[in-house]
Amino acid sequence: MSVRVRFAPSPTGPLHIGGVRTALYNYLYAKKLGGDFILRIEDTDQNRLVPGAEAYIIEALKWVGIEPNEGVGFGDGKYAPYRQSDRKDSYRQYAEQLIQNDYAYYAFDTESDLEALKAKYPNFKYDASTRLEGKNSITLSAAEVAQRLANNDPYVIRIKLPEEEHVHFQDEIRGNVMVSTTQMDDKVLLKSDGMPTYHLANVCDDYIMKITHVIRGEEWLPSAPLHVLLYRYLGWENAMPKFAHLPLLLKPDGNGKLSKRDGDRLGFPVFPLEWTDPVTKEISSGYKQGGYLPNAVLNMLAFLGWNPGTAQEIFTKEELVNAFSLDHIHKAGAKFDFEKAKWFNAEYIKNLSNEQLAVLVKPIVTQKFGVQEEHYLIKAVGLVKERLVFLNDIEHFAYLFTSIAQYDTTALSKITAIQQQFPKQAFETFIQEQAFTDASSLEHAIKDFATANALKIGDVMKFLRTSLVGELSGPVISDLMILLGKDEVLKRVQNCLQQQ
RNA sequence: GGCCCGUUCGUCUAGGGGUUAGGACAGGAGAUUUUCAUUCUUCAAACAGGGGUUCGAUUCCCCUACGGGCUACCA
């Protein structure tokens, strides 16, 4: 039987990187085994829907490059629709089937009924020991139940758990997990608005869509036994998928799982794409807009909770697919490491060819400094490639594209001293005489000029650097001179000579 | 509170009854470079604690502590 996994987010907001990682692990697992990766939208809570969230999820998956081959936004497929609200009518029959088989019951308790029970019993939960106090099809007469249903009285359908039974299941990451039904409660399966809860919908859809492996976050571990029971009661136990509960992504500081707020609080994105809250208009930064490369993000995310068991850390997507396996997933939660994320991105940028980098950086450069000639841009980015952590960092290298607007004051003060005995005229002539064909002969010529004029090489370099860069750091001077060309170099030198 | 899951350098992690406990990021030092960045070399840095089991436990078991998750007609 071929492997089928699903990523099943709820469109209650933008997908954050924890979700992206879950999607990634599903994707890697499916691809590794030649299976299918499905996107299912779990929008059974109509009150929490956020406009744009679904589209965001789809865009985000596209951007990082882990596209489902089936599901909402990806051409659908054999088991469409993949949006649970579009499958609303399919769930009721299963809930009713459960009632038929005495595995579930109608419950008519109102909100205030429930509150009264909670007030009466500390730590109240609706279960075998308390359901006799509720207004449900167990306590009410058949006639009254029929009457209430006929009246369209609001009701929910609850699972009827056995009083005491140990539910075991095998988690692919954690091994055997056991929970007693005494610790569980009669969870609502079908809500009074006719929508299923997560528990019902997820089990039904996974069964119907022939999902073989449920790979999801650890927050689902406590409800997994409930799902196991549901498979059993629905008669699907032999088709039950395997479960793998992933460790959570934690805040880099302090406690708790990584949340939306942490990113902008600590200075890194938690969302793949920038997101504007439709209500508050608050903007949350995104990896894409922050100048990250999708494959770097994937690589970084893959290593937060998984490792290949070797020393290799830089992996292409294909290599990740090949190396991936569930048993190399770490059990404990992982704190997000921003420094490591930056390192991954810088590594990926360094591994790009100048041509590739130029393409990626072109929109930023054009927007900041105007249109550049293609070959020039390629050479320019090559000069600063190993200085970029993010694509956006290119904007800190204005001197590659425009003349120096402002000189660094310490650089200027450093060269003032030098300028006293600097043979300005001779130097200009010297530059004019150079061929500007290759960097090393140019560098030799500069050194020769320095010795011939009894100047310190370092001083001449410092002067040139300030002229060309505006400050005392940057790429090798002769390389930069070749890039800029004689005319521009001369212009900048003359301009710098006029400073002070 | 109850239940479930977890705990190796600051962080991500490898390992697993007998190891100098390995790697990466970050940090320190040095080399290269006209500068900065890159690169290279190098240093520092960990098995939460207590009991067992064992000739021997970081590794297996139990307890404690700590961390995380769940505990909704949210997913």
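Order of the sequence lines sets the chain letters (A, B, ...), proteins ahead of strands, with each chain counted from 1.
A:G305 comes within 4.0 angstrom of the backbone, heavy atoms only, and of no base. Across all strands shown, A:P122 has no heavy atoms under 4.0 Å from either base or sugar-phosphate atoms. Contact annotation for A:K447: backbone-only contact, meaning every heavy-atom pair under 4.0 Å involves sugar-phosphate atoms and none involves a base. Residue contacts for A:V469: at a heavy-atom cut-off of 4.0 Å it reaches no nucleic acid atom on any strand shown. Contact annotation for A:M178: backbone-only contact, meaning every heavy-atom pair under 4.0 Å involves sugar-phosphate atoms and none involves a base. Within 4.0 Å (heavy atoms only), A:L304 reaches sugar-phosphate atoms of the nucleic acid but no base atom.
The distance from atom CG of A:D127 to atom C1' of B:rG2 is 13 Å, rounded to the nearest whole Å. Protein atom CG of A:L246 is 17 Å distant from nucleotide atom P of B:rC5, rounded to whole Å. The nearest whole Å value for the distance from the CG atom in A:N176 to the P atom in B:rC61 is 13 Å. At whole-Å resolution of the value, NZ in A:K385 and C1' in B:rC36 are 18 Å apart. For A:H330 and B:rA24, the NE2 to P distance is 18 Å, given to the nearest whole Å. Here B:rU11 presents its P atom at 20 Å from CG of A:L301, a figure rounded to the nearest Å. At whole-Å resolution of the value, CG in A:L226 and P in B:rC3 are 19 Å apart. Taking atom CD of A:Q170 as the reference point, atom P of B:rC5 lies 12 Å away to the nearest angstrom.
A salt bridge between A:D206 and A:R6 is present, with a side-chain N of the basic residue lying under 4.0 Å from a carboxylate O of the acidic one. Between A:K342 and A:E339 there is a salt bridge, with a side-chain nitrogen of the basic residue lying less than 4.0 Å from a carboxylate oxygen of the acidic one. In summary, A:E218 and A:K257 do not engage in a salt bridge, as defined by a charged side-chain N under 4.0 Å from a carboxylate O. Look at A:R158 and A:D186 and you find no salt bridge, because none of the NZ, NE, NH1 or NH2 atoms lies under 4.0 Å from a carboxylate O.
The distance from the CG atom of A:D113 to the CZ atom of A:F108 is 12.0 Å, given to the nearest 0.5 Å.
For RNA chain B, the residues of residues 454-468 of chain A within the heavy-atom distance limit of 4.0 Å (strictly under) are A:M461, A:R465, sorted by number.
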### Query
Could you write nucleotides 69-75 of chain B as a row of B, S and -, 5' to 3', where a protein heavy atom under 4.0 Å of any base atom gives B, of only sugar-phosphate atoms gives S, and otherwise -?
SS--BBB
### Message
I'd like to compare against my own output: the B/S/- annotation of nucleotides 37-43 of chain B with a strict under-4.0 Å heavy-atom distance to protein.
### Response
BSS----
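Proximity of the aromatic rings of A:F344 and A:Y292 is defined here by a centroid distance below 6.0 angstrom, and this criterion is not met. A centroid separation of less than 6.0 Å is found between the aromatic rings of A:H227 and A:Y198.
The gap from the P atom of B:rC74 to that of B:rG15 amounts to 42 Å, rounded to the nearest Å. Nucleotides B:rU13 and B:rG18 have their C1' atoms positioned 24 Å apart, rounded to a whole Å. Atom name C1', nucleotides B:rA26 and B:rA45: the rounded distance is 12 Å, in whole Å. Taking atom P in both B:rC47 and B:rU54, the straight-line distance is 26 Å, to the nearest Å. Comparing the C1' positions of B:rA29 and B:rC63 gives an interatomic distance of 45 Å, to the nearest angstrom. Comparing B:rC70 with B:rG22, their P atoms are spaced 37 Å from each other, to the whole Å. Taking atom P in both B:rC25 and B:rU42, the straight-line distance is 14 Å, to the nearest Å. The gap from the C1' atom of B:rU53 to that of B:rA46 amounts to 25 Å, rounded to the nearest Å.
Place A:D337 and A:P475 on RNA chain B by their nearest nucleotides, and A:D337 ends up nearer the 5' end.
A donor-acceptor distance shorter than 3.5 angstrom exists from the side chain of A:H16 to the backbone of A:L258, with no hydrogens or angles considered. Counting only distance, with no hydrogens or angles, the side chain of A:Y106 and the backbone of A:V156 share no donor-acceptor pair below 3.5 Å.
Between A:L98 and A:L230, the closest side-chain pair of non-hydrogen atoms falls below 4.5 Å. Side chains of A:F268 and A:P252 form a contact here, defined as non-hydrogen atoms less than 4.5 Å apart.
Residues A:D205 and A:Q84 have side chains that bring a donor and an acceptor to within less than 3.5 angstrom of each other.
Of the candidate nucleotides B:rG1, B:rC3, B:rC25, B:rG1 has the atom nearest to the side chain of A:N123. Residue A:Q183 places its side chain closer to B:rC3 than to any other of B:rU34, B:rC5, B:rC3.
Between A:N307 and B:rA14 there is a side-chain polar atom (N or O) within less than 4.0 angstrom of OP1 or OP2.
With a cut-off of 3.5 Å on both Watson-Crick or G-U wobble distances, the partner of B:rA24 is given as B:rU11. Pairing partner, B:rC40: B:rG30, with both Watson-Crick or wobble hydrogen-bond distances short of 3.5 Å. The partner of B:rG67 is B:rC5, judged by Watson-Crick or G-U wobble contacts that both fall below 3.5 Å.
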#### Entry: A:W275 vs A:Y56, ring pair (Phe, Tyr, Trp, His ring centres under 6.0 Å): CA-CA, chis, key distance, verdict
CA-CA 8 Å; A:W275 166 260; A:Y56 180 98; 5.4 Å; yes
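In this model, a side-chain donor or acceptor of A:K340 finds a partner on the base of B:rA24 within 3.5 Å.
Few gaps surround CD on A:Q93; more than 12 heavy atoms of other groups in view lie less than 6.0 Å from it.
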